[in-house]
Amino acid sequence: MLNNPSRAQPAAVSMHAPRRRLGGAAALAAAFSLFSLVVVWHELHGPSAHAADEPIAQAHADDADQTPDDVATLTAPGVNGANGANGANGELIRRGEYLARAADCAACHTADKARPFAGGLPISTPFGTIVTPNITPDPDTGIGRWSDADFLRAMHEGIGKSGERLYPAFPYTAYTRVTEQDVLAIRAYLNTLTPIHYTPPANSLKFPFNQRWLMVFWNLFNFTEGRFVPDPKQSAEWNRGAYLVEGLAHCEECHTPRNFMQGLQSGARFSGAVQAGWHAFNITPDKLSGVGEWSDDELIAYLSTGAAPGRANAAGPMGEVVANSTQHLTPVDLRSIVVYLRSLPPVSGGDTRGRHQWGTPADDVTALRGTAITGVNGAQLFVANCASCHSWTGQGVGASAPGAYPSLIHNSTVGATDANNLALVILHGVNRATAHADVMMPAFGGHLDDEQIAAITNYVTRQFGNPQATMSAGQVAKLRTLQ
Ligand code: HEC
Ligand code: HEC
Ligand code: HEC
C-alpha cells in the first residue's frame, strides 16, 4: 500500500463492504425522489448563505494559531521563489505551507513525487475511480486561472470553478471549517509551487455516480457548510485542537464510521472505521476501546514519530498521515490536538481489554520450530520471516529507541479485535520516514501466498495479541485487492 501509487484514500463515497452498496442504491432512490422538492427549495431560497463567517470566530481561531518557530526551515523543494520568500508575503507563504501540511493536501494530490501537487492519484470507490486533479498553478491543467474566490468556494462549499459539485472524496466537509484567512494562506503557498503541465486521467465513475449534481442531495444530508465556531467555555488550547482535528487535519474522514450514504455518523464520532481494509481505530478516550489509557506524551509521540512503544505504531494510511502531516506540527499544536481528543465523549466498542494490553512473549522455541510440520505452519513461518527483526519471543529489538523493531506484544495492531491491519502490514510492510527515524519493514505480499500470510497472522494474534482476531486465506486474498 505504501509503495503503491494507487492506494485508496479516505473517500466519502467509498464503500468497502458490498452490503453497503445497497445502502448507496437506497440513498440514490431517496435522492431522486427528493430532487423536485429540493429544486423548489433552492428556487425559493437561493444559494446557501455563508454561515458562521463571523469575524469573532475567525479571530479566536487565529489567536490560537501558532506559527512554528522553525518555520523558515520548512520551505519545501519545489517552491519557486518568484513571489519572494521574504517579508509579509514570505510569512504568509510559510504559514500556508504549514497549514497545507496540517491539511495533508499532498497525500491525495501527489501521485508521483516528481510531480508534487499535480494530482493523478486514483481513489477507488465501488462506484468507480475518482482521480485527484492538478492543483499546481499551471494555468491550463492546474488551478492557475482560479481566483481566490473560486478557491475559497471549492474549499468551503465543495464547488468547482465552473460551478460543478465536487465529490466528497475531497474532504471539503472538513475544510469548510477552516477560516478564510487560512484558506487564502494555503492558496498563497500553492501559488508558489512550480506549475506542472499535467492532465490527470479522467474519472471512471459508473452512471449515475458520474452525475455530479447528485452531490446536491448528498450535501443536503451529510454536509454543513460553515466555519469553525470557537466554544468560549473551552480553553484556547482546546479550541485550537478542535479547529485542527475537525478542520484542516480531517481526522474524522478515517476515524468516524459512516452512515448508509457514506456521510459521517455524528453519533459515533472518532469511534473507528474501516477504509480500504484498514481499521482506523477508536481514538475516543474510552479506556478499553479507545486511547483513554495512553498518556498525553504517548499520543504526542505517536503523532510526531509514528511510534508509541508499548501502545502502537503507525502503518498504512496513518503512517502516511504522520510522515506527511502530523510530524510537521508544532509541539503546541500537537498538544492542542491531544487536549481536544481527551475531551471527546468516550465510545465503547464493547472490548474487554485494550488493544495494547494483549500478549505474552513466546517461551517455547522448540514449539516454534515445530518438529513435525505438516502443511503451512504459522509458527515456523514466523521464525523464518519475522523473528530476525521482532525476535522469536515477539519482543522486538531496540526497545523504544528511534527506528526500533517493535515488540509485537502490547501493540494495538496485534491486539485489535480484527486482524485486518496486521495482515495488511504483512502484505505491504511499513515505510515511514520522519525526522525521528526512517522505519522500514519489508512487504511480504510478493513472496508469501494468502494461506501463508493467514497462518502467520493467526500465529501472531494467538501468541502475541488478541486470539479472537483470526484471518482466513480468503480474507487475505480480498485484502490484497483493496489498494
Ligand atoms: C483525501 C484526499 C484529498 C485531500 C486530503 C485533499 N484533496 Fe483536494 N481533491 C481531492 C479529490 C478526489 C478531488 C476531486 C473531486 C472531484 O473530482 O469532484 C479534489 C479536488 C480539489 C480541488 C478542485 C480542483 C479542480 O480542478 O476542480 C481543489 C482546489 C483541491 N482539491 C484543493 C485541495 C487542497 C488545497 C487540499 C489541502 C488543504 C486538498 N485538496 C486536500 C482529494 C483530496
Ligand atoms: C487516511 C486515514 C487517516 C487519517 C486522516 C487519520 N488517521 Fe489515525 N489512523 C488511521 C489508521 C488506518 C490507523 C491504524 C494504524 C495502524 O494500525 O498501524 C490509525 C491510528 C491512529 C491512532 C492509534 C490508535 C491505536 O490504538 O493504535 C491514533 C492515536 C490516531 N490514528 C490519531 C489520528 C489523529 C489525531 C488524526 C488527525 C490528525 C488521524 N489519526 C488521522 C487512519 C487515519
Ligand atoms: C527487516 C526487519 C523486519 C522484518 C523481517 C519484519 N518486520 Fe515487522 N516491523 C519492522 C519495522 C521497522 C516496523 C515498524 C516500526 C515502527 O512503526 O516504528 C515493523 C512493524 C511491525 C508491526 C506493527 C505495525 C503497526 O501498525 O503497529 C507488526 C504487527 C509487524 N511488524 C509484524 C511483522 C511480521 C508478522 C513479520 C513477518 C511476516 C515482520 N513484521 C517482519 C521490521 C521488520
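All residue numbers refer to positions in the sequence shown, counting from 1. Counting starts at 1 for both ligands and their atoms, in listed order.
Look at Met441 and atom 8 (Fe) of ligand 3: an N/O/S atom of the residue is under 2.8 Å from the metal. At least one N, O or S atom of His390, from either the backbone or the side chain, sits less than 2.8 Å from atom 8 (Fe) of ligand 3.
Looking at Met440 against ligand 3, only its backbone comes within 4.0 Å, counting heavy atoms.
The shortest heavy-atom distance from Asn421 to ligand 3 is not under 4.0 Å. The shortest separation from a heavy atom of Cys108 to ligand 1 is under 4.0 Å, placing the residue in contact.
For ligand 1, the atoms closer than 4.0 angstrom to any heavy atom of His250 are 5 (C). Shown in contact with Asp104 at under 4.0 Å from a heavy atom are these atoms of ligand 1, numbered in order with element: 5 (C). Ligand-side atoms of ligand 3 in range of Leu408: 28 (C), 29 (C), 30 (C), 32 (C), range being under 4.0 angstrom from any heavy atom. Near Leu422, meaning under 4.0 Å from one of its heavy atoms, ligand 3 places the atoms 29 (C). Heavy-atom proximity to Pro406, at under 4.0 Å, picks out these atoms of ligand 3: 11 (C), 13 (C), 15 (C), 19 (C), 20 (C). Shown in contact with Ile426 at under 4.0 Å from a heavy atom are these atoms of ligand 3, numbered in order with element: 35 (C), 38 (C). Close approach of ligand 3 to Asn411 (heavy-atom distance below 4.0 Å) involves ligand atoms 23 (C), 27 (O).
The distance between the ring centers of Trp392 and Phe382 does not fall below 6.0 angstrom.
Residue nearest to atom 32 (C) of ligand 1, selected from Trp146, Phe170, Tyr172, Tyr189: Phe170 (by heavy-atom distance).
Under the 4.0 Å criterion applied to side-chain N and carboxylate O atoms, Asp296 and Arg342 are assigned as salt-bridge partners.
Note: Phe217 and Trp213 have perpendicular aromatic rings, judged against thresholds of 30 and 60 degrees for the angle between ring planes.
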